[in-house]
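Taking it in order: structure first as structure tokens, then the write-up.
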There are 2 protein chains.
Amino acid sequence: MSSAELPDPPGSKRRAKSQRKRLSRDAIVGTAFVVLDERGYDGFNMRGVADALGTGPASLYAHVTGKEELLDLMIDRLAAAIEVPEPDPDRWQEQVKAVITDIYRAFLEHPGLARANLGKIPSGPGALHTIDRFMGLLRAGQLPKKVVAYAVDILPLFATAYAFEQGIFAERMTGEDATRYLEELDEYWRALPADRFPNIHAVVDALIDPEEDPEARFAFGLDMLVTGIAAQRGPRRS
Amino acid sequence: MSSAELPDPPGSKRRAKSQRKRLSRDAIVGTAFVVLDERGYDGFNMRGVADALGTGPASLYAHVTGKEELLDLMIDRLAAAIEVPEPDPDRWQEQVKAVITDIYRAFLEHPGLARANLGKIPSGPGALHTIDRFMGLLRAGQLPKKVVAYAVDILPLFATAYAFEQGIFAERMTGEDATRYLEELDEYWRALPADRFPNIHAVVDALIDPEEDPEARFAFGLDMLVTGIAAQRGPRRS
DNA sequence: ACCTGAACACCGTTCAAGT
DNA sequence: ACCTGAACACCGTTCAAGT
């Protein structure tokens, strides 16, 4: 965030940096976050990370088996940073929503990571701890074991998928371009022939609202999910 | 599916094929499906498609602006093939689930496409038609406009994300490897210290069931979503 | 208009050689 | 043990030249 974005001041050499700080997994992961945030998922590559560390790409492979492991390490660091409260049985639904929203926001800050996280079963130490504590909230809801097992799978998937989708926007266009694009999309949909697209025509007013908080859609979906999960309470004993 | 998977019979030359069939967008898209299914998302590239067509990669660019457009065309063809029934107000929830399940299965047949679809607002002609008809089902549920707008966004996202996640497995390991991997994962979780991971420990029996139909999890999540959506019925007029 | 060979720019990873 | 320069294999895309 801070100094890594700036060009080197005159007189300082990249070499100096690399000699001061020796390479380490932690340093690599930390720098990788900076590079990912600056360049996005598509622009993120081993060469860029090495460059930001003042070394060559080959040097990274002494600490990390490859790009995939590096992304895994980043995901685990992100997962470990999610804070999960002590379960309060009276407020478990709110607590669950709060944690999933935090996950969503964390991935939204690093859109590329959401993409990398999709399709992975988390197994790093940081993620495991967070998962266990998150399960505590679900169990406070008196849900059957099987529902807990499903919910712990589905809820983070939803957060990840939504952050990824949302992140595509943020990555591709700035705020101004985005609203303009949404307005064009709105126009396009309104211009569709009503006879061939009667349903789009009927609800077109509700489809796009450029003023809308981007998180509102996410919150709505999350609410649907948690409502559906809570409805599973009771029917089966476990 | 049929002849494109077979090697060339002896005596036939690639050239013959390319001269018989001229290149076209449709031919390229069709061949792209074969290549994607054979090689997966990571192995899918323009060179491979060109090769399967008996030509060089540069030739594709006369018909398609690039890899991204080619993937968009594939997605649109897939979306157009989804059949949506006439709305039956008494069975709208079942109908919605059936369509979303079809989308899930379609993406599961071509796992790479799910990845490509994430983060895209569908705008091809085939997708638009399917979306409009799908909205018809939601409107039969008497849902407020805003809920229809959210649901039409969230439900396909869920199907896509889940198919993508599921597809990673299918792409990386065959049935035998998958069950073995799940068994190892089961063992690993059971071996976690109960004091540090009390909640995982408590529900570990329900977490992994190698016998379980992989679609059961998806169906469960979809059920939660639709239940949550249906609960939005009525409160607001629209 | 459509196709092609060749090349450009870029990237993950490996390897032999250095310290 | 850690780091590095150089190279390999691969890929999306462009371009000038052909038909």
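Because the structure is predicted, anything quoted here is derived from the model rather than measured. Each chain gets a letter, A, B and so on, in the order its sequence line appears, and its residues count up from 1.
With sequence neighbours left out, the side-chain contact (heavy atoms from CB on, under 4.5 Å) criterion links B:Arg180 to B:Asp177, B:Glu184. In terms of the side chain to side chain donor-acceptor pair (under 3.5 Å) criterion, residue partners of B:Asp186 (sequence neighbours excluded) are, by chain and number, B:Arg190. Listed by chain and residue number, A:Pro193 satisfy the side-chain contact (heavy atoms from CB on, under 4.5 Å) test with A:Arg196 (two or more places apart in sequence, or in another chain). Under the side chain to side chain donor-acceptor pair (under 3.5 Å) criterion, A:Thr31 pairs with no residue at all, not counting sequence neighbours. Among residues two or more places apart in sequence or in another chain, the side-chain contact (heavy atoms from CB on, under 4.5 Å) test is passed with B:Thr65 by B:Glu69. Residues passing the salt bridge (Lys or Arg N to Asp or Glu O under 4.0 Å) test with B:Lys67: none are found, sequence neighbours excluded. Remark: A:Ala151 engages A:Leu138, A:Leu155, A:Ile229 in a side-chain contact (heavy atoms from CB on, under 4.5 Å) (not counting sequence neighbours).
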What donor-acceptor contacts under 3.5 angstrom involve side-chain atoms of residues 209-216 of chain A, with partners at least two apart or in another chain?
residue  : atom : partner  : partner atom : Å
A:Asp209 : OD1  : A:Glu211 : N            : 3.0
A:Glu212 : OE1  : A:Arg217 : NE           : 3.3
A:Glu212 : OE2  : B:Lys146 : NZ           : 3.0
A:Glu212 : OE2  : B:Tyr150 : OH           : 3.2
A:Asp213 : OD1  : A:Glu215 : N            : 2.9
A:Glu215 : OE1  : A:Arg105 : NE           : 3.1
A:Glu215 : OE2  : A:Arg105 : NH2          : 2.9

Distance-only criterion, 3.5 Å: show the donor-acceptor pairs between side-chain atoms of residues 117-135 of chain B and protein atoms not counting sequence neighbours.
residue  : atom : partner  : partner atom : Å
B:Asn117 : ND2  : B:Thr160 : OG1          : 3.3
B:Lys120 : NZ   : B:Asp72  : OD1          : 3.0
B:Lys120 : NZ   : B:Ala116 : O            : 3.4
B:Thr130 : OG1  : B:Ala79  : O            : 2.7
B:Thr130 : OG1  : B:Gly126 : O            : 3.2
B:Asp132 : OD1  : A:Asn199 : N            : 2.9
B:Asp132 : OD1  : A:Ile200 : N            : 2.7
B:Arg133 : NE   : B:Val84  : O            : 3.2
B:Arg133 : NH1  : B:Glu86  : OE2          : 3.4
B:Arg133 : NH2  : B:Val84  : O            : 2.8
B:Arg133 : NH2  : B:Glu86  : OE2          : 3.1

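We find that CD1 of A:Ile28 is positioned 11 Å from P of D:dC2, with the value rounded to whole Å.
When all heavy atoms are compared, the tightest approach of A:Met46 to A:Gly66 is CE-C, 3.9 Å.
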Secondary structure of DNA chain D per the Watson-Crick/G-U criterion (both distances under 3.5 Å; [ ] crossing, | other strand, . unpaired) is ||.|||||...|||||.||
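Only B:Tyr61, B:Gly66, B:Lys67, listed by number, bring a heavy atom of residues 60-69 of chain B to less than 4.0 angstrom from any atom of DNA chain D. Proximity of residues 111-122 of chain A to DNA chain C (heavy atom under 4.0 angstrom from any strand atom) is not detected for any residue.
Along DNA chain D, the nucleotide closest to A:Arg47 and the one closest to A:Ser59 are compared, and the more 5′ of them pairs with A:Ser59.
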